[in-house]
There are 2 protein chains.
Amino acid sequence: MSDDQSKPMIGMPEGPVPKAVVSRLSLYLRELQRILGEGQATISSTQLGSLLGFSDAQVRKDLAYFGQFGYPGIGYRCEELVAAVRRILGTDRPWNAAIVGMGNLGRALIGYRGFLNQGFRVVSIFEVDSGKVGWQVEGVQVYHIDQMPEIVRTLGVRLALIAVPAATAQQVAEKLVGAGIEGILNFAPVTLTVPPTVSLVEVDLAMQLEQLAFAVVNREKST
Amino acid sequence: MSDDQSKPMIGMPEGPVPKAVVSRLSLYLRELQRILGEGQATISSTQLGSLLGFSDAQVRKDLAYFGQFGYPGIGYRCEELVAAVRRILGTDRPWNAAIVGMGNLGRALIGYRGFLNQGFRVVSIFEVDSGKVGWQVEGVQVYHIDQMPEIVRTLGVRLALIAVPAATAQQVAEKLVGAGIEGILNFAPVTLTVPPTVSLVEVDLAMQLEQLAFAVVNREKST
DNA sequence: TAGATTGTTAATCGATTAACAATC
DNA sequence: TAGATTGTTAATCGATTAACAATC
C-alpha cells in the first residue's frame, strides 16, 4: 500500500466506460480550460457541474471512474485536472488526421482552428478528383485517394474525417480501413460499417437540425 | 371508441420524450428514406433495427411513443412511416434558418445540401464585418448583424446556426433571442445560456474528435 | 475546531430488453 | 391454418442522485 502524495493518479477502469461519461469529460475539459484561462486555480464539483447543468455528484462520479483527482475540502486543481482529463481522452499527445473530400465541408474542416487547439493536426487531404490533386489548402497537401496507404503510413495518420457524399462514404471508409486508419469521424449522412478494430463517430449535421426542430415544436413538453 | 382503419394515427405523448429516442428517430428516418429510395415498400422492426445496430424491441418502443404505425404480421409501410416520422420531428413542413458568421464553417454550412434535403432552408446570413454585408453567397444574402430583428421577422426565420468564434457566441445568442429566434444550433465551443423559451443544440466538432481519440485509445475495452 | 468538499456506497430513477397475447 | 410481426407489459439492466464518513 503506497502512501505517495503525488496527485493525480490516473488509472483506466476495468469495465467499459459509458459513452455519456466520456462525452461529459470533453465538456469538463472545455470548461476547465476556459476557467483556467480566467486564472481560477481550483474548482469544486458543484461549481463545475452548475456551469454545465450537471449535479455535483455526477461530476465526482464521472471523474472517479479514472482515479482520485480531487482534494477534500478544496476541490479540484484546474491545471492538474485539465492535464488528467487530456490524458484520459488521449489528447495529451498530438494526433495526425486526414480529411477525405474537398467539398464545402471538407474545406471548412481543413482550416478549423478548434481541432489544432485540442491537439488534432490535419496533415493530409484525399480527393478523387485528379484536378485537385497536388494543390495545397491551408498549407495542407492534397493527395489522390489511391495514395492513401502510403501517405497514412509515412505521415503517421491515425484518424480520418469523411466529408464526401453519402453515396461514396462506405467505399471511402473501406479504403481508409485498408490503409490502416484507426478511427473515423463520419460527416456523411449514412450509417457506415467498419470492422471492430476501427473506431467510428458519426456526426450528421441535418440530424442535429432535426433534433432542434423537434425541440422547438415540443418546447412546452420538455420543461 | 373509434374503429377507423386509417393509418397512421400520430399523437404526441403526455410525458417528455427522452432525447435518445428523438435521436434514434432521426436515424430511422435517414435509413427509411434510403430504403424507400431502393424501392422497398415495408420493413420490420427487426430489419430496421439491425441496419442501425438496435434491437427490434427498441425500434417498436421508440415508435410506440407517438402512435401505432405498424401492421402486425406485415411490419411498417416505409412511405407511411417516413411521413409519420417527419411529422413527429416537425420536418413535414419547411423551416427557415439563418447562419451567423462567415468563417470557413459558416460558408460551408450555407451551401450544405443535406439541410435542404431534410426541409431546412438557409434564407439569410448575418455578419459583423461590414465589408461582407451586401454580398450574396450561394444565392443567400448577407446582412449586418444589427438587421437581425427586421430580417428574422420579414423572412420568417425560426432557427439559427451559430458559426462564430467562442468568444462572441454568447453575445450572438443573445441577439438571436432578442430577434425572436426559436431554436439555436451552436457550433462554437462554448456552453451557451439561453432562456427556456429557446431551444438549443450544441455541436462541438473538436469534442467529436476527442470522443474518437478516446475510443481509439480504449479500443480493446469497449469490446 | 468548524466549514468545505471529496470519493464511494446505497437508493432511486429511467431506459432497454424479453416475452407474449393480439393481429394480419 | 401457420407464420410473421406488432404493441405493450413485466423484468432486467444501467445510470443518476442522495447521503455520509473521511479528509483537508
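When reading the values below, keep in mind they use all heavy atoms of this one structure, side chains included, and skip hydrogens, waters and symmetry mates. Sequence lines set the chain letters: A, B, ... in the order given, protein chains first and strands last, and positions in each chain run from 1.
For B:Lys61, counting side-chain heavy atoms from C-beta on, the closest listed nucleotide (D:dT5, D:dA15, D:dT8) is D:dT8. The side chain of A:Ala20 lies closest to D:dT16 when the candidates are C:dA15, D:dT8, D:dT16.
The side-chain heavy atoms of A:Leu200 and A:Leu192, taken from C-beta on, include a pair separated by under 4.5 Å. Between A:Phe187 and A:Ile162 the shortest side-chain heavy-atom distance does not fall below 4.5 Å. In this structure the side chain of B:Leu161 never reaches within 4.5 angstrom of the side chain of B:Val100, judged on heavy atoms. Side-chain contact between B:Ile184 and B:Leu159: absent, with no pair of heavy atoms (C-beta onward) separated by less than 4.5 Å.
In this structure, the CZ atom of A:Phe69 is 9 Å from the P atom of C:dG7, given to the nearest Å. Residue A:Gln68 contributes atom CD, which lies 6 Å from atom P of C:dG7 at whole-angstrom precision. Atom P of nucleotide D:dT6 and atom CG of B:Leu63 are separated by 10 Å, given to the nearest angstrom. Straight-line distance from the CG atom of B:Asp62 to the P atom of C:dT16: 7 Å, rounded to whole Å. What separates CZ of A:Arg60 from C1' of C:dT9 is a distance of 12 Å, to the nearest Å. Rounded to an integer number of Å, the gap from B:Lys19 NZ to C:dA15 P is 12 Å.
In terms of the salt bridge (charged side-chain N to carboxylate O under 4.0 Å, His left out) criterion, A:Arg107 has no residue partners (sequence neighbours excluded). A:Arg30 meets the side chain to side chain donor-acceptor pair (under 3.5 Å) test with B:Thr191, B:Asp204; sequence neighbours excluded. The side chain to side chain donor-acceptor pair (under 3.5 Å) search around B:Asn186 returns B:Glu202, not counting sequence neighbours. By the ring-ring contact (aromatic ring centres under 6.0 Å, His included) test, A:Phe54 is found to be paired with no residue, residues two or more places apart in sequence or in another chain being considered. A:Gln211 meets the side chain to side chain donor-acceptor pair (under 3.5 Å) test with B:Ser26; sequence neighbours excluded.
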Short heteroatom pairs, N/O only, protein and nucleotides 22-24 of chain D, under 3.5 Å:
| residue | atom | partner | partner atom | Å |
| --- | --- | --- | --- | --- |
| D:dC24 | O4' | A:Pro72 | O | 3.3 |

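A donor-acceptor pair shorter than 3.5 Å cannot be found between the side chains of B:Thr42 and B:Arg77.
Annotation: salt bridge (Lys or Arg N to Asp or Glu O under 4.0 Å) contacts involving residues 157-169 of chain B, sequence neighbours excluded, comprise B:Arg158-B:Glu182.
Listed by residue number, B:Ser55, B:Ala57, B:Gln58 are the residues of residues 46-58 of chain B with a heavy-atom contact under 4.0 Å to DNA chain C. Only B:Arg24, listed by number, bring a heavy atom of residues 23-32 of chain B to less than 4.0 angstrom from any atom of DNA chain C.
Note on A:Tyr76: every side-chain N or O is 4.0 Å or more away from OP1 and OP2 of C:dA4. Within the 4.0 Å cut-off from OP1 or OP2 of C:dT5, not a single side-chain nitrogen or oxygen of A:Ser45 is found.
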For residues 110-125 of chain B, dump all side-chain donor-acceptor pairs below 3.5 Å to protein atoms at least two apart in sequence or in another chain.
| residue | atom | partner | partner atom | Å |
| --- | --- | --- | --- | --- |
| B:Gln118 | NE2 | B:Gln33 | OE1 | 3.1 |
| B:Arg121 | NE | B:Asn96 | OD1 | 3.0 |
| B:Arg121 | NH2 | B:Asn96 | OD1 | 3.1 |

For residues 163-170 of chain B, which side-chain donor-acceptor pairs fall under 3.5 Å, sequence neighbours excluded?
| residue | atom | partner | partner atom | Å |
| --- | --- | --- | --- | --- |
| B:Thr168 | OG1 | B:Pro165 | O | 3.3 |
| B:Gln170 | OE1 | B:Thr193 | N | 3.0 |
| B:Gln170 | NE2 | B:Glu174 | OE2 | 2.8 |
| B:Gln170 | NE2 | B:Thr193 | O | 3.0 |

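For DNA chain C, runs of at least 3 consecutive pairs of the Watson-Crick or G-U wobble type, with both hydrogen-bonding distances under 3.5 angstrom, map to C:3-24 with D:3-24.
A donor-acceptor pair under 3.5 Å is absent between the side-chain atoms of A:Arg87 and the main chain of A:Asp92, judged by distance alone.
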